[in-house]
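Let me begin by presenting the structure, written as structure tokens, before commenting on it.
Note that the coordinates shown come from a computational prediction; the quantities given were computed from them, not determined experimentally.
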Amino acid sequence: MDLSGSYDLSKSSGGVEFSVPEVTFSTDRSLNDTIQGLPLNIVSGRLSAGGSVSLPPRSKDSIHVSLDDIAATYKDSFATGISGDLKVENEDGHWITPTPYSLSIESINAGLPVKNIQLSLQLDKQKDITLHNFSADFLQGKVTSSALIWNLAEETRKSIVHAQGISLEALAQETDSENFEASGLINLEIPIVTGPEGITVEAGHLQGEAPGGRLRYYGAFSPQMLASNPQLKLIANALEDYEFQTLEGSIDYPASGDLQLQLKLVGRSEAIDSDRDLVINLNLENNIPDMLRSLQASRDLTETLEKQLDQ
């Protein structure tokens, strides 16, 4: 690192200019080998940086960073193939990006893989971080948003995410579900709210694509519940081999992390009556943070990351 600067004690002011020539990281020479104790570790790729910072801060102070095929880990999550240039400037006491900067990320894996991520990042005077023109591949489908917004001061912001062609078969495979098999594609519209409570969703919408799909859901209800409720036993039997023509429902995700799905399916089951439509209403709940932690615990982070880097 090249560093130069000055400080005037009588005026309590000064500044520093710095330059970090390109650094190459690897699993044998990671960021944590140089700076210990950081929650984030860079294990592959190249990084360079530079800028000037004043005390007290002055307009046009700036910091720029160049990322080339960076791979990084954070706790039990990782990202690979991060590339792009970023620059922030001090404008009237606010750190901003003078223009949106394009970033590409090969993959992010916090339990479920998200791939081929493209976005333009912007930071404004209101402390809004906006991901413009966000797109990513997820469960064999596509996730998009014209703008995803998060406020650094935890003020409430709203965004809309669309997901097209999400594969139920891929979902069952990625979550290693032993009692759940499925086929078919679904589309989602997800209104995301970010703020003091983190990330929440209220009144999202889910709909299956024609011509429908198939569900095989074993052990959905406990024997005690089935023994006291004949109607529930009928539904449980139907779900063990159910072909649906239509699937529709709502999505809610409160601050507790408990994803709530209210689904209505119309289809037929060989176990009940293959010649007559059977309508099933399902209320499902799953704690997403717990699920992701379980998926993270079931894998070897180093091995999974190395496989991704080798691709």
Side-chain angles (χ1 to χ4, degrees), residues 1-3 15-25 30-31 35 38-54 57-74 77-110 113-138 142-163 192 194-195 199 308-309:
M1 175 187 290
D2 298 326
L3 187 68
V16 62
E17 294 184 357
F18 67 95
S19 174
V20 181
E22 184 175 271
V23 180
T24 299
F25 296 96
S30 70
L31 178 62
I35 306 175
L38 296 177
L40 181 142
N41 189 24
I42 300 176
V43 297
S44 181
R46 293 160 294 282
L47 178 150
S48 60
S52 59
V53 181
S54 304
R58 296 183 305 178
S59 290
K60 300 308 176 184
D61 282 354
S62 67
I63 299 172
H64 69 266
V65 179
S66 179
L67 308 171
D68 183 13
D69 201 24
I70 289 291
T73 61
Y74 178 76
S77 303
F78 66 84
T80 64
I82 306 171
S83 297
D85 294 315
L86 295 173
K87 182 180 181 181
V88 292
E89 294 180 350
N90 189 320
E91 183 175 300
D92 301 325
H94 302 278
W95 286 98
I96 67 166
T97 54
T99 184
Y101 286 90
S102 297
L103 283 178
S104 63
I105 305 173
E106 182 179 296
S107 69
I108 295 176
N109 194 320
V114 183
K115 299 182 178 180
N116 191 27
I117 302 154
Q118 306 289 329
L119 59 94
S120 293
L121 185 147
Q122 184 174 28
L123 173 64
D124 62 23
K125 290 183 178 181
Q126 288 71 43
K127 298 184 178 180
D128 285 340
I129 294 180
T130 303
L131 309 183
H132 295 283
N133 301 320
F134 177 90
S135 69
D137 297 336
F138 181 62
K142 179 70 73 172
V143 178
T144 61
S145 177
S146 60
L148 287 171
I149 309 172
W150 187 291
N151 184 265
L152 294 178
E154 295 191 339
E155 294 183 6
T156 300
R157 297 291 186 264
K158 296 182 179 181
S159 311
I160 298 289
V161 172
H162 296 275
I192 292 180
T194 58
I199 300 175
Q308 185 65 43
L309 291 175

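Expressed to the nearest 0.5 Å, how far CZ of Arg46 lies from CG of Asp68 amounts to 4.0 Å. Within the model, atoms OG of Ser59 and CD of Glu89 stand 9.5 Å from one another, a figure rounded to the nearest 0.5 Å. Here CG of Asn109 is found 4.0 Å from CZ of Phe78. Values are rounded to the nearest 0.5 Å. The CD1 atom of Ile70 sits 8.0 Å away from atom OG of Ser83, with the distance rounded to the nearest 0.5 Å. With rounding to the nearest 0.5 Å, the separation of NZ in Lys142 from CG in Asp137 is 4.0 Å. Residue Asn151 holds its CG atom at 8.5 Å from CG of Asp124, rounded to the nearest 0.5 Å.
A donor and an acceptor atom, one from each side chain of Asp85 and Ser66, are located under 3.5 Å apart. Residues Ser120 and Asn133 bring no donor and acceptor atom of their side chains to less than 3.5 Å of each other.
The shortest side-chain heavy-atom distance between Thr144 and Gln118 does not fall under the 4.5 Å cut-off. Looking only at side-chain heavy atoms (C-beta outward), Leu131 and Trp150 stay at 4.5 Å or farther from each other. Between Leu103 and Leu86, some side-chain heavy-atom pair lies under the 4.5 Å cut-off.
Residues Trp95 and Asp61 come closest through the heavy atom pair CZ3-O, 3.6 Å. For Val114 against Ile117, the heavy-atom pair with the smallest separation is O-CD1, 3.8 Å. Summarising the geometry of Ala79 relative to Ile82, their closest heavy-atom pair is CB-CD1, 3.9 Å, with the distance given to 0.1 Å. Here the shortest heavy-atom pairing between Arg157 and Asp128 reads NE-OD1, 2.8 Å. Between Lys125 and His94, the shortest heavy-atom contact is O-ND1, 3.5 Å. What you find for Thr80 and Ile105 is that their closest heavy atoms are O-CG2, 3.5 Å.
Looking at residues two or more places apart in sequence or on another chain, you find a side-chain contact (heavy atoms from CB on, under 4.5 Å) between Ser159 and Leu148, Ile149.
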Notebook entry, point to check: Run the side chain to side chain contact (heavy atoms under 4.5 Å, CB included) check on Leu31 and Leu47 step by step: do they pass?
Noted result: CA-CA 11 Å; Leu31 178 62; Leu47 178 150; over 6 Å; no

Margin query: Run the side chain to side chain contact (heavy atoms under 4.5 Å, CB included) test on Ser145 and Ile160 for me, step by step, so that the C-alpha distance in whole Å, both residues' side-chain angles and the decisive distance to 0.1 Å come before the verdict.
Written below: CA-CA 6 Å; Ser145 177; Ile160 298 289; 5.6 Å; no

